[in-house]
Amino acid sequence: MKKWQLISSVVVALVAVLSLTVSVFAQTPQPPSNETSAALVMAINDEYKARATYQAVLDKFGSVAPFSNIVQSETAHIAALERLFNAYGLPIPPDTYAGRIQAPATLQDAAQTGVEAEKANVAMYDGFLTSVQEPDVRAVFAQLRSASQVKHLPAFQQALSRNTNTGLLYLGPRWSR
């Protein structure tokens, strides 16, 4: 339990840092490049999809870790990206994923989906960081990449590896076969 409280505290700190990062750079008067605008749209859609996927798992299996913590992080990531959209005067794309994604059949499948999604998220931000030039956007992308690489991916990997020799996966208050 203390571990998840620590993770929640880290998420809150990350949101605070992201807020400060965006506010420091939010005074940028020039519009972003077309490449940056496209990257922002792709990033927020990826975060929408992740949140919807993890929420679908929670809706199907109840409040299970690490999904219950990471879904909150995805909401914070979306908020950081929305601040960039607002800072640059860009329209925020609607969330077309909410309520439209089905949860995997088992919690083990859900954890594997989380591993794959977070790896893809890291790769996406790696690509953006090679092409995006705006310092504020780069700072937020780097923070979001780090959250996926350092926090979310290991949490899903750990969930996936728990008790796999017995065919059971413990993710919080429920067991799944």
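Owing to the predicted nature of the structure, the values given are computational and were not obtained by experimental measurement.
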Could you report the tightest heavy-atom contact between [X] and [Y], atom names first, then the distance?
X: A147; Y: H77; result: CB-NE2, 3.8 Å
X: R51; Y: T75; result: CD-OG1, 3.1 Å
X: S63; Y: S68; result: OG-CB, 3.6 Å

Begin with the C-alpha distance, continue with both residues' side-chain angles, and end with the deciding distance and a verdict on side-chain contact (heavy atoms from CB on, under 4.5 Å) for Q112 and F156.
CA-CA 7 Å; Q112 183 62 47; F156 284 127; over 6 Å; no

Kindly compute the distance separating [atom1] ([X]) from [atom2] ([Y]), expressed to the nearest 0.5 Å.
X: M124; Y: N45; atom1: CE; atom2: CG; result: 9.5 Å
X: K151; Y: S73; atom1: NZ; atom2: OG; result: 8.5 Å
X: I92; Y: L40; atom1: CD1; atom2: CG; result: 10.5 Å

Output, in order, the C-alpha distance, side-chain angles, deciding distance and verdict of side-chain hydrogen bond (donor to acceptor under 3.5 Å, both in side chains) for E82 and N86.
CA-CA 6 Å; E82 287 174 339; N86 289 331; over 6 Å; no

Transitively linked via ILVMFWY side-chain contacts under 4.5 Å: [X] with [Y]?
X: M42; Y: L81; answer: yes
X: V132; Y: Y88; answer: yes
X: Y48; Y: V140; answer: yes

Does the side chain of R145 reach to within under 4.5 Å of the side chain of D126, using non-hydrogen atoms?
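A side-chain contact under 4.5 Å exists here.
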
When the ring centroid of F141 is compared with that of F128, is the distance short of 6.0 Å?
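Here the rings of F128 and F141 have centres that are less than 6.0 Å from each other.
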
Proximity of F61 and F67 rings by center, below 6.0 Å
no

